[in-house]
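See structure below.
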Number of protein chains: 2
Amino acid sequence: MFVVRREGESRDEGTRRRRRPEEAERAILAAARSFLSEHPFREMKVESVMARTGLSRPAFYAYFKDRYELVTRLLEGIGGLLFAVDRRWLVGDPGMGREESAAVLRDALRGGAETFERYGSVLRAISDAASYDERVEEVYRFGLIERLTVAVAARIARDVEAGVSPPDLVPQETARALVFMTERYLIDAYGRPQGRRARDEILQTLERVWINTLYGGSC
Amino acid sequence: MFVVRREGESRDEGTRRRRRPEEAERAILAAARSFLSEHPFREMKVESVMARTGLSRPAFYAYFKDRYELVTRLLEGIGGLLFAVDRRWLVGDPGMGREESAAVLRDALRGGAETFERYGSVLRAISDAASYDERVEEVYRFGLIERLTVAVAARIARDVEAGVSPPDLVPQETARALVFMTERYLIDAYGRPQGRRARDEILQTLERVWINTLYGGSC
DNA sequence: GTGTCTATTGACGCAGTGTCAATAACGGAG
DNA sequence: CTCCGTTATTGACACTGCGTCAATAGACAC
């Protein structure tokens, strides 16, 4: 007799299935992503993630310390993306002048928005988890958001220095305000299963706030 | 013999203390405020709040359904303040022109910042709790933040109509972005026990973003 | 003093967590 | 094909914090 088994299919009663550790870990991460695309972080119990893997709840703890470590692992890679898409503007030379600076910034914002469009549910989960757990807060708020803020502040400082942006701008504070706005606004737009709003209006609005603040008149 | 008892002092072994329901409720609310001025919401257990009242943990449930109802009650009153201080700008007539609109907006932002300076720890707790509990999310995100957004959007729409703000502004989206920014930025600045930053820089930054976005050129 | 009302609490069951010793699937050696 | 060591997996346990309820005991009226 031959018994054909497909991936994830349960076996005859009373038998287990054994995977390579790396494979199980990836399965758990995938299960978490899948769960978060349907439910908010507050509903993510270890049990409900493991139900999507065919493994038991205790197996989870062989791979992750707790669900906070799990979401932290989901952030890996995504965080880097946010820097990557912004790099051209972040490290750019303000010598290019207002018009070109604004154009490059526009590209960076478009890239950021695309990242949120793709990974919105995970980013929303991390942002939520940051208020649940000190270590997630460390990684997200201080490791990612704050690092982005510092990079943006440095660029703003150079713009002020070059006379492209008005001199009464406080780079560190302005950067913080703009980064916070972008984070919250994009999570709101793309972080929920249901309500995805008009892409053009979202980008147009972000561009307007950033560009008028940095490259508008001193009014 | 006379025994002098001060408020909150424990009595002889084995005796209880009985208060008027209203008094007990106020004591619990005060204990929660006090706790939140020292610890983040994630550490607020029913037990640790009740420890500050001299009452037992189960007594809590005679007054509140759970800790989420507790923080919701803490928001009452504060939410109204945020509307009150912004009222002059929110209901104002854009016929006054850019300069005066900007001046009134500046006042509104100052008022909002003062509210956060005073109630920062509670507002931070509510904002955190909103990701823990659906009902808090309802009250805070949709009841307060969204209502503010709608009011701001209405004012922006009038500004656009009057030609005070540029015509390519999307009122609803712009309002959302600005309100989110202000909320997160002020919670960051005033919501933690430790780090209160320079008041002037904070206000100057908020003003700049709002005013350049709404009353700056169309750039 | 006696009785009534109700604020208060000890004790319970529950949900979800994190751990560990025992189990059994896999893979290599013979 | 069989044996055997490694280790992925899990049943069962203890623990934390929650929400409930019947029983207890202050306060006040008479």
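Here is how names work: the chains are called A, B, and so on, in the same order as the sequence lines, proteins then strands, and each is numbered from 1.
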In dot-bracket form, 5' to 3', how is DNA chain D paired? Count Watson-Crick and G-U wobble pairs only if both distances fall under 3.5 Å, and write | where the partner sits on another strand.
||||||||||||||||||||||||||||||
Under 4.0 Å protein heavy-atom contacts per nucleotide of nucleotides 1-7 of chain D, with B for base, S for backbone only and - for none
-----BB
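Across all strands, A:Arg20 comes closer than 4.0 Å to no nucleic acid atom at all (heavy-atom distances). Within 4.0 Å of A:Tyr63, counting heavy atoms only, lie sugar-phosphate atoms of the nucleic acid but no base atom.
Rounding to whole angstrom units, CG of residue B:Leu55 and C1' of D:dT24 are separated by 15 Å. Distance CZ (B:Arg67) to P (D:dG19): 9 Å, rounded to an integer number of Å.
For B:Tyr61, the listed nucleotide lying nearest its side chain is D:dG19; candidates were D:dG19, D:dA12, C:dT9. You'll find that the side chain of B:Asp66 is closest to D:dG19, out of D:dG19, D:dT9, C:dT17. The side chain of A:Val46 approaches C:dT17 more closely than any other nucleotide in the set C:dT17, D:dA12, D:dC21.
Open room surrounds CD on B:Glu22; 12 or fewer heavy atoms of other groups in view lie less than 6.0 Å from it.
Judged by the 6.0 Å distance and 45° axis criteria, B:Arg67 is positioned over the aromatic ring of B:Tyr132.
A search for salt bridge (Lys or Arg N to Asp or Glu O under 4.0 Å) contacts involving A:Asp86 returns nothing, not counting sequence neighbours.
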